[in-house]
Chemist: 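Input: one structure, supplied below.
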Amino acid sequence: MNAPFSRDFWHARAAELLARGIDGRMWIDGRREDAADGQCFDCISPLDGRVLTRVARGQAADIDRAVASARAAFVDRRWAGKSPAARKKVLQDFAAAMRAAREELALLETLDMGKPIQHSLSADVPGAARCIQWYGEAVDKVYDEIAPTADSALALVTREPAGVVGAIVPWNYPMLMAAWKLGPALAAGNSVVLKPSEKSPLTALRMAELALEAGLPPGVLNVVPGYGYEAGEALALHLDVDVIGFTGSTRTGRRMLECAGRSNLKRVYNELGGKSANIVFADFDDLDGAAATAAGSMFYNQGESCNAPSRLLLQEDIADAFLEKLLAQVPQYAPGDPLDPQTQLGALVDATQTQTVLGYIASGLAEGAQCLVGGTRVLEHTGGQFVAPTVFDKVHNRMKIAQEEIFGPVLAVLRFRTEEEAIAIANDSTYGLHAAVWTRNLDRAVRVSRALHAGTVHVNQYDEDDITVPFGGVKQSGNGRDKSLHAFDKYTELKTTWMRIAPR
Ligand code: NAD
């Protein structure tokens with residue numbers, strides 16, 4: 001008998017799951033379906049390179065089927081026509097079903113994309129379930145408006161579901177990113193076609209089954225796995241999709257806008273990449289705390305987080321002392337078996353991502369940055385994708401490792417002298433997702449927060465996060481906001497109804 005949630009426990013559960021077989025077929029109209037042409041692709045685990053299952057390779061014909069199913073569900077109002085309270089109940093039950101299946105979902109997530117099981121279990125599953133529940137609970141508390149017009153008329157300003165939502169999500173937080181789209185889109189009464197990343201399709205497919213069991217009518221949620229240039233592009237180009245909720249790279253976000261322009265001008269909301277600046281001023285008195293957060297936030301999820309604080313800006317006077325404290329943090333992020341609950345840093349998503357990260361490390365060295373720790377692939381004998389946490393000092397902001405999103409455990413350290421210089425470096429980026437400032441000087445905290453071009457600014461912390469707070473970026477980090485009540489703006493249309501009021 002294995003101790004609950006021990007390494008042996010998870011390995012035994014993984015073996016059981018694989019022996020049972022993982023269903024990689026699409027989810028259309030409330031049932032499993034093969035791709036129309038029967039094609040599949042291998043779903044490979046980054047833990048050891050084994051094939052977890054074969055996944056249906058959705059293409060344009062499959063997207064057509066899924067969109068037709070979603071449209072039919074929307075038109076007959078089997079979901080949109082339910083009262084907000086009835087939709088709330090189903091979404092609460094969906095969230096409860098996810099919690100009940102938390103071990104299976106956590107295991108699928110970790111096997112599929114490499115993050116530590118402890119994080120899948122304690123952050124990703126509960127976070128995704130809370131998101132679904134929160135939007136369910138919110139939707140019967142949102143009121144519409146009556147405009148302050150003259151007595152001769154009544155103008156109702158109502159929110160209506162947009163229709164069919166295409167949700168295209170990445171692999172770094174597969175369940176959470178799906179939930180950030182599904183929560184508000186479903187709560188508002190839309191039908192959804194979800195296209196998970198080809199690198200991490202398993203939990204999205206399982207979530208769809210759980211949603212049906214919880215009472216979501218067939219057709220309201222369809223999941224079509226497949227490659228971006230096939231299934232993703234077909235969804236983005238589809239003439240019967242009203243909104244695209246996209247999370248992914250800036251390159252693909254650009255493509256989403258092109259596809260909308262080439263098709264039906266559907267609304268596109270892009271949540272894209274980042275290169276967030278984490279600025280520590282010399283007056284900050286808890287350098288130990290700041291260093292622990294700088295490392296923890298950077299190396300969480302193997303550095304594969306859009307909002308990772310991947311540029312650390314240190315004021316000259318404290319830079320050396322801070323780096324010493326930072327480097328003392330690094331050993332606890334030594335890569336390890338993702339199924340071991342002690343592991344803090346797991347596997348990168350796949351071999352391509354490993355090569356990308358190693359390529360950036362080589363570029364940092366070639367451009368003259370100094371690698372203080374890491375810089376190599378490790379645990380190669382496992383067949384898994386592991387890269388050691390890496391810290392570069394002496395980085396200049398024009399270097400590639402300071403400008404481009406690496407999406408791996410690689411931190412770039414830059415030094416500055418004055419507040420103006422710190423702001424200029426932080427804003428010298430095509431991205432604008434997150435930023436942080438560490439200072440005990442209140443005036444400086446406010447001045448710098450105001451000056452930073454970012455969707456979110458943290459002061460003296462980096463980890464706060466809540467479903468009640470909007471998440472998104474400016475510049476090439478995207479537009480629109482996930483999370484909070486503001487996310488309803490993306491999946492609803494405002495309708496004005498003018499009524500003439502005749503005088504007596
Ligand atoms: P990606 O852009 O390669 O892929 C994202 C999704 O788009 C996948 O489902 C993919 O199959 C699909 N896709 C790819 N090409 C497509 C095309 N031509 N047409 C339609 N769909 C296409 O991104 P990724 O590598 O999966 O994810 C990492 C990126 O996501 C990073 O840049 C990260 O910063 C970003 N991200 C942003 C946020 C945020 O909230 N801002 C959150 C998580 C991740």
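For this chain, numbers begin at 1 and follow the sequence in order. First listed ligand is number 1; within each ligand, the first listed atom is number 1. If you're wondering where the values come from, they're calculated on a predicted model, not measured in any experiment.
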Chemist: So is there a nitrogen or oxygen of Ser249 less than 3.5 Å from a nitrogen or oxygen in ligand 1?
Modeler: yes

Chemist: Under 4.0 Å from any heavy atom of Glu405, which atoms of ligand 1 are there?
Modeler: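 By the 4.0 Å cutoff, the relevant atoms are 31 (C), 32 (O), 33 (C), 34 (O).
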
Chemist: Mind checking whether Phe246 has a heavy atom under 4.0 Å from ligand 1?
Modeler: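 Yes, Phe246 has heavy atoms under 4.0 Å from ligand 1.
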
Chemist: Of the backbone atoms (N, CA, C, O) and the side-chain heavy atoms from C-beta on, which set of Thr247 has a member under 4.0 Å from an atom of ligand 1: side chain, backbone, both, or neither?
Modeler: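 It is both backbone and side chain that touch ligand 1.
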
Chemist: Would Met256 count as being in polar contact with ligand 1, using the rule that some N or O on each side must be under 3.5 angstrom apart?
Modeler: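 No, no N or O pair falls under 3.5 Å.
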
Chemist: To which protein heavy atom is atom 41 (N) of ligand 1 closest, and what is the distance rounded to 0.1 Å?
Modeler: Leu272 O, 2.8 Å

Chemist: Would you mind checking if Glu404 and Lys275 are paired as a salt bridge, meaning a charged N to carboxylate O distance below 4.0 Å?
Modeler: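 No.
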
Chemist: Between Glu304 and ligand 1, which part of the residue brings a heavy atom under 4.0 Å of the ligand: side chain, backbone, both or neither?
Modeler: neither

Chemist: With a cut-off of 4.0 Å, which atoms of ligand 1 are near a heavy atom of Glu198?
Modeler: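 Numbered from 1, ligand 1 contributes 10 (C), 11 (O).
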
Chemist: May I ask you to say whether Glu209 pairs ionically with Arg32, meaning some side-chain N is under 4.0 Å from a carboxylate O?
Modeler: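 Judged by the 4.0 Å cut-off on N to carboxylate O distance, Glu209 and Arg32 do form a salt bridge.
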
Chemist: Using distance alone, determine whether Asn172 and ligand 1 share an N or O pair under 3.5 Å.
Modeler: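 Such a contact does not occur with ligand 1.
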
Chemist: Where's the contact between Thr250 and ligand 1, heavy-atom distance under 4.0 Å: side chain, backbone, both or neither?
Modeler: neither

Chemist: Using ring-ring contact (aromatic ring centres under 6.0 Å, His included) as the criterion, list what pairs up with Tyr227, not counting sequence neighbours.
Modeler: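 By the ring-ring contact (aromatic ring centres under 6.0 Å, His included) rule, Tyr227 matches Phe41, Tyr229.
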
Chemist: Among Arg71, Arg267, Lys266, whose side-chain hydrogen bond (donor to acceptor under 3.5 Å, both in side chains) with Asp242 holds?
Modeler: Arg71

Chemist: Judging by distance only, is a nitrogen or oxygen of Trp171 under 3.5 angstrom from one on ligand 1?
Modeler: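 Between Trp171 and ligand 1 (N or O atoms, distance only) the closest approach is under 3.5 Å.
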
Chemist: Is the closest heavy atom of Asp482 to ligand 1 under 4.0 Å?
Modeler: no

Chemist: Applying salt bridge (charged side-chain N to carboxylate O under 4.0 Å, His left out), name anything that partners Arg65, two or more places apart in sequence or on another chain.
Modeler: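 Result, salt bridge (charged side-chain N to carboxylate O under 4.0 Å, His left out) vs Arg65: Glu33, Asp62.
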
Chemist: Report the part of Pro170 in contact with ligand 1, treating N, CA, C, O as backbone and CB onward as side chain, heavy atoms under 4.0 Å; options are side chain, backbone, both, neither.
Modeler: both

Chemist: Is the Tyr173 to Trp180 ring centre distance short of 6.0 Å?
Modeler: no

Chemist: Would you mind listing which atoms of ligand 1 come within a distance below 4.0 Å of any non-hydrogen atom of Gly232?
Modeler: 19 (N), 20 (C), 21 (N)

Chemist: Checking side-chain hydrogen bond (donor to acceptor under 3.5 Å, both in side chains) between Glu233 and each of Lys195, Arg255, Gln59, which is the one that passes?
Modeler: Arg255

Chemist: Going by distance only, is there an N or O of Gly228 that falls short of 3.5 Å from an N or O of ligand 1?
Modeler: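 Yes; the residue has a nitrogen or oxygen that sits under 3.5 Å from a nitrogen or oxygen of the ligand.
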
Chemist: Strictly below 4.0 Å, N to O, side chains only: are Lys490 and Asp482 in salt-bridge contact?
Modeler: yes

Chemist: Give the contacting part of Val169 toward ligand 1: side chain, backbone, both or neither, where contact means a heavy-atom distance below 4.0 Å.
Modeler: backbone

Chemist: With atoms numbered from 1 as shown, which atoms in ligand 1 lie under 4.0 angstrom from a non-hydrogen atom of Met177?
Modeler: 42 (C), 43 (C)

Chemist: Below 4.0 Å, non-hydrogen atoms only: which portion of Phe407 touches ligand 1? Side chain, backbone, both or neither.
Modeler: side chain

Chemist: Would you mind telling me if ligand 1 is within reach of the side chain of Pro196, the backbone, both or neither, using heavy atoms under 4.0 Å?
Modeler: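 Contact part for Pro196 vs ligand 1: backbone (N, CA, C, O).
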
Chemist: Establish, from distance only, whether the side-chain atoms of Asn479 and Asn270 form a donor-acceptor pair under 3.5 Å.
Modeler: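 Asn479 vs Asn270: no donor-acceptor pair found between side chains.
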
Chemist: Before accepting this row, confirm whether a basic side-chain N of the pair Arg57/Glu230 lies closer than 4.0 Å to the acidic partner's carboxylate O.
Modeler: yes

Chemist: Return yes or no for this condition: an N or O of Thr252 is under 3.5 Å from an N or O of ligand 1.
Modeler: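 Right, the criterion is met.
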
Chemist: When you check the gap from the basic side-chain N to the acidic O, do Asp466 and Lys483 get nearer than 4.0 Å?
Modeler: no

Chemist: Looking only at side chains, do Ser69 and Asn222 share a donor and an acceptor under 3.5 Å apart?
Modeler: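 Note: Ser69 and Asn222 side chains meet the donor-acceptor criterion.
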
Chemist: Where is the nearest protein heavy atom to atom 39 (C) of ligand 1: which residue, which atom, and how far?
Modeler: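 That would be Cys306 SG, 3.4 Å.
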
Chemist: Just need the protein heavy atom nearest to atom 35 (C) of ligand 1, so name the residue and atom and give the distance.
Modeler: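 Minimum-distance protein heavy atom for atom 35 (C) of ligand 1 reads Gly248 O, 3.2 Å.
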
Chemist: Could you grab the distance from atom CG of Asp350 to atom OG of Ser197, nearest 0.5 Å is fine?
Modeler: 8.5 Å

Chemist: OG/Ser310 to CE/Met298 distance, rounded to the nearest 0.5 angstrom?
Modeler: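 Between Ser310 OG and Met298 CE, I get 5.5 Å after rounding to 0.5 Å.
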
Chemist: For ligand 1, indicate whether the residue Lys199 contacts it via side chain, backbone, both or neither (heavy-atom separation under 4.0 Å).
Modeler: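 Neither part.
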
Chemist: Around atom 18 (N) of ligand 1, find the nearest protein heavy atom and jot down its residue, atom name and distance.
Modeler: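 Answer, as residue, atom name and distance: Glu233 OE1, 2.9 Å.
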
Chemist: Below 4.0 angstrom from a heavy atom of Lys195, which ligand 1 atoms are there? Numbered from 1 as shown, please.
Modeler: 8 (C), 9 (O), 10 (C), 11 (O)

Chemist: Side chain, backbone, both or neither: which part of Arg255 has a heavy atom under 4.0 Å from ligand 1?
Modeler: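 For Arg255, only side-chain atoms sit under 4.0 Å from ligand 1.
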
Chemist: What residue among Leu339, Thr203, Leu121 forms side chain to side chain contact (heavy atoms under 4.5 Å, CB included) with Leu107?
Modeler: Leu339

Chemist: Considering only protein heavy atoms, which is closest to atom 12 (C) of ligand 1, and at what distance to one decimal place?
Modeler: Ile168 CG2, 3.7 Å

Chemist: Looking only at side chains, do Trp438 and Asn278 share a donor and an acceptor under 3.5 Å apart?
Modeler: yes

Chemist: Under a 4.0 angstrom heavy-atom cut-off, which atoms of ligand 1 come close to Phe471?
Modeler: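 Ligand 1 atoms under the 4.0 Å threshold to Phe471: 39 (C), 40 (O).
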
